[in-house]
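Below: the structure, in structure tokens.
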Number of protein chains: 2
Amino acid sequence: MVSVGSHKPNIRQVAVIAGVSHMTVSRVLNDHPNIKPDTRRRVLEAIEELDYRPNLAARALATQRSRRIGVIVESSGAFGPTSILSAIELAARGAGYSVAQIALHEGDGLSPQAAVESLMMQGIDALCVIAPRSSSVAALRRVVISVPMLVVKADADPTFLTVSIDQHAGAVLLVDHLVALGHRDILHISGPLDWLDARARERAFHSRTKSLGIRERPIVVGDWTADFAYDFAMGLNRLPDYTAVFAANDEMAVGLIHGLHDKGFDVPNDLSVVGFDDVPLARHVLPPLTTIRQNFHALGVAVVEMLRAAIEEREIPAFTRIPTEIVTRASTAPPREVR
Amino acid sequence: MVSVGSHKPNIRQVAVIAGVSHMTVSRVLNDHPNIKPDTRRRVLEAIEELDYRPNLAARALATQRSRRIGVIVESSGAFGPTSILSAIELAARGAGYSVAQIALHEGDGLSPQAAVESLMMQGIDALCVIAPRSSSVAALRRVVISVPMLVVKADADPTFLTVSIDQHAGAVLLVDHLVALGHRDILHISGPLDWLDARARERAFHSRTKSLGIRERPIVVGDWTADFAYDFAMGLNRLPDYTAVFAANDEMAVGLIHGLHDKGFDVPNDLSVVGFDDVPLARHVLPPLTTIRQNFHALGVAVVEMLRAAIEEREIPAFTRIPTEIVTRASTAPPREVR
DNA sequence: TGCAGTGATGTTGCCGAGAACAGCTCTGTA
DNA sequence: TACAGAGCTGTTCTCGGCAACATCACTGCA
């Protein structure tokens, strides 16, 4: 029997090699002051020699802190939530936290509450929910948990810490862009209205068009998918009265352009189209899409910063708004009558 | 002082309420046999009453099992890796496992080894690496860990458990489709050749065109981005000799179509184009893209099934191949001379 | 009647860390 | 010379579970 234990070394074995108590090793690991440099060196050498790594489960048990953040993300297939999740993970790692993630897929029967519970059992220090739907926000409101909770959603909320991408400003940028080109009659194809982002974009569209004195026209309620917008376009039998379409996301914008094309209409000459998201392909579809770019990186940083502050019980504002910018491309042009 | 402890109940408090020892509670929690139905009921009632949830960190410490799978994913922005990760997470949850994820972003200085170590410290039962590059696979070969390790990559590998999407079959389907349409001169725009998927698709392209007796033509090595393919197309000053292009992913296919369009060439009338991935927008870009659909769901299930078997030390094949299918759309048509 | 077998439950100790407190060794000062 | 206080390190206990073994009450059978 070879004496080099094949199993993972623990803090006491390190202590034996270094000729100190395990608490001294623990102090070195946690950067406590008042450790003699020579002792520290011996401990570090022993750690090196054994290739020791602390057991985080044991540490979590002892400290009641896991340095782990739970993230719940809905419709993880979509571009927005995925990008947000990835940005949070990166920012969390930068702050020394890891991420435990649960994706709520449609119809897999996992309720937001169950997801919260499952994460809490894993011992998270804080919870972040990427909650695009009002129904899930309502469900969250009833959840009581013992760690800080932050929600990424379209608007501020007194119940939670909140980080929002500025949907309103983005929608206003798009409307202003179209109006500047000369459009006076714009159709809005929204996302499903129980999605907060859809609702925010729709409200911003209404209030901006109204304040600019533009014709009030009923919106079309879509479902975010390109298929929906394609089918809608295929239902048009002649060029409509409106001269521009504001689709609530890029996917619908692309589907719409596809359908218009199949119906023999040209974008942007017959109709201008804008989207929202700036998905990677938005720049290269035909015609390239005017859209809104969201700063996911800034969002991830803000989420982690706010959660850290909450964990450490520092005072911070409970709300952060992330700016957006418009990206102007060939899918928008002045309407015919102006040219 | 109210006696209802504001802090989380533990197994001993449950035991007191139920009037049993804490081990009986543990047995109920873990579905041991030989518990009297009446006792079980009392324990469950006490759990309910206290709203007790087991502490998974403590359980992991005691059992040396975390029911957590580590996943390392490279270039998490890309469609493929993201879809794979999401599929694995879903399948893992179905099997009662959670997922600890680390994304390797380009240039964030985290090596695959460091990622492995970081996950091991978190106490994972098994490791899955979504490793698209040969360099990372080479790095992994030198990693020694004490848990089962599975790599999702383009081909089988004696070193690891492996799950592969059948890149070869997919590429063959595309070549055969083009040849069936009458194309005899096809350009391949590959991904970066240190990516295993790119390499596999390129090799399949070569071997299939060769065995069909089609003109050998040097490939163009791309970088997966639509921008690259766009620029490539913009460099064409006249219609090339080849009549079809096999782009190694959808993004490059779309960028290429964009560039060809800007140069005044028409797809598919001047040139047929195929991609690989079937991204959500592939169906709605103009023209809709002929491409390869990969079964990510099946992949996720296979990954989790193989890892479970390895964790439980059951015998299983060390390699699973996931099939692909071709989706034929309007970006491909017979070449001019055939019509 | 005695006893082995088994079903149901309890007792003790350990997993690998950190907290709290105790204790030792200096140093400087009265 | 005594002693306070700071710096450094050790001892013991705890976190919340589970494994291993111990115990006890039945049951069935020789």
Side-chain angles (χ1 to χ4, degrees), chain A residues 5-44 46-47 50-68 96 98 120-125 146-147, chain B residues 5-44 46-47 50-68 120-125 146-147:
Chain A
S6 61
H7 266 351
K8 289 194 190 164
N10 63 27
I11 198 170
R12 285 161 223 266
Q13 296 172 32
V14 174
V16 169
I17 302 243
V20 296
S21 75
H22 81 274
M23 271 313 299
T24 300
V25 179
S26 171
R27 291 188 180 103
V28 170
L29 288 173
N30 293 287
D31 275 326
H32 278 237
N34 305 349
I35 297 280
K36 255 202 283 194
D38 183 60
T39 310
R40 173 189 305 276
R41 187 185 47 69
R42 284 193 352 258
V43 169
L44 292 176
I47 287 173
L50 287 181
D51 195 29
Y52 165 78
R53 304 270 174 274
N55 179 320
L56 296 187
R59 177 177 286 172
L61 187 60
T63 60
Q64 311 283 45
R65 283 251 177 285
S66 61
R67 294 197 77 82
R68 195 196 314 272
S98 60
M120 288 302 294
M121 276 174 63
Q122 292 183 45
I124 53 174
D125 291 349
S146 51
V147 299
Chain B
S6 62
H7 265 351
K8 291 197 191 162
N10 63 29
I11 197 169
R12 285 163 223 265
Q13 296 173 33
V14 174
V16 169
I17 303 245
V20 297
S21 77
H22 75 275
M23 269 314 298
T24 300
V25 178
S26 172
R27 290 189 181 104
V28 170
L29 288 173
N30 293 286
D31 274 328
H32 277 238
N34 305 349
I35 299 278
K36 257 204 277 190
D38 182 61
T39 309
R40 172 187 307 274
R41 185 183 49 68
R42 280 184 6 250
V43 168
L44 291 176
I47 288 175
L50 286 181
D51 195 28
Y52 165 78
R53 302 272 173 272
N55 179 320
L56 295 188
R59 178 177 286 173
L61 188 59
T63 60
Q64 311 284 43
R65 281 266 131 89
S66 60
R67 293 199 77 80
R68 195 194 317 270
M120 288 301 295
M121 275 174 64
Q122 292 185 44
I124 54 174
D125 290 348
S146 51
V147 299

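Throughout, protein chains are lettered first and strands after them, A, B, ... in sequence-line order, and every chain is numbered starting at 1.
Side chain of Ser26(B), nearest nucleotide from dG16(C), dC18(D), dG18(C): dC18(D). Of the candidates dG17(D), dG16(C), dG18(C), the closest approach to any side-chain atom of Gln64(B) belongs to dG16(C).
If you measure from atom CG of Leu61(B) to atom P of dG13(C), you get 18 Å, rounded to the nearest angstrom. When the P atom of dC18(D) is taken as reference, atom CG of Asp31(B) falls 12 Å away, rounded to whole Å. Taking atom NZ on Lys8(A) and atom C1' on dG16(C), their separation rounds to 12 Å, with Å as the unit. Rounded to whole angstrom, the span from the CZ atom of Arg41(B) across to the P atom of dA8(C) amounts to 16 Å. Look at CZ on Arg59(A): it is 10 Å from P on dA19(C), rounded to the nearest Å. Look at CD1 on Ile11(B): it is 15 Å from P on dT9(C), rounded to the nearest Å. The distance from atom CG of Asn30(A) to atom C1' of dA17(C) is 9 Å, rounded to the nearest whole Å. Rounded to an integer number of Å, the gap from NE2 of His32(A) to P of dA17(C) is 15 Å.
Counting all heavy atoms, side chain and backbone alike, Val20(B) lies closest to Arg42(B) at CG1-NH2, 3.6 Å. Closest of all the heavy-atom pairs between Ile11(A) and His22(A) is CD1-O, 3.6 Å. Between Val43(B) and Ala18(B) the shortest heavy-atom distance is CA-CB, 3.9 Å. The heavy-atom pair separating Val147(A) from Met120(A) by the smallest distance is CG2-SD, 3.8 Å.
Contact between the side-chain N/O atoms of Asn10(A) and the OP1/OP2 oxygens of dG16(C) is found at a separation under 4.0 Å.
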Restricting both atoms to N or O, compile the protein contacts to nucleotides 8-14 of chain D shorter than 3.5 Å, with distance only.
unit_1	atom_1	unit_2	atom_2	d
dC8(D)	OP2	Asn34(A)	OD1	3.3
dT9(D)	OP1	Thr39(A)	OG1	2.5
dT9(D)	OP2	Lys36(A)	N	3.2
dG10(D)	OP2	Ser21(A)	N	2.7
dG10(D)	OP2	Ser21(A)	OG	3.0
dG10(D)	OP2	Thr24(A)	OG1	2.7
dG10(D)	N7	Arg27(A)	NH1	3.4
dG10(D)	O6	Arg27(A)	NH2	2.5

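In this structure, Asn10(A) contributes its side chain and Gln13(A) its backbone to a donor-acceptor pair below 3.5 Å. For the pair Thr63(B) (side chain) and Arg59(B) (backbone), a donor-acceptor distance under 3.5 Å is present.
Toward the 5′ end of DNA chain C lies the nearest nucleotide of Arg42(B), the other residue of the pair Thr63(B) and Arg42(B) mapping further downstream.
Within the nucleic acid shown, Arg65(B) has no heavy atom closer than 4.0 Å to any nucleic acid atom.
Among Ile47(A), Val16(A), Leu50(A), Ile17(A), the one residue that satisfies the side chain to side chain contact (heavy atoms under 4.5 Å, CB included) test with Pro9(A) is Leu50(A).
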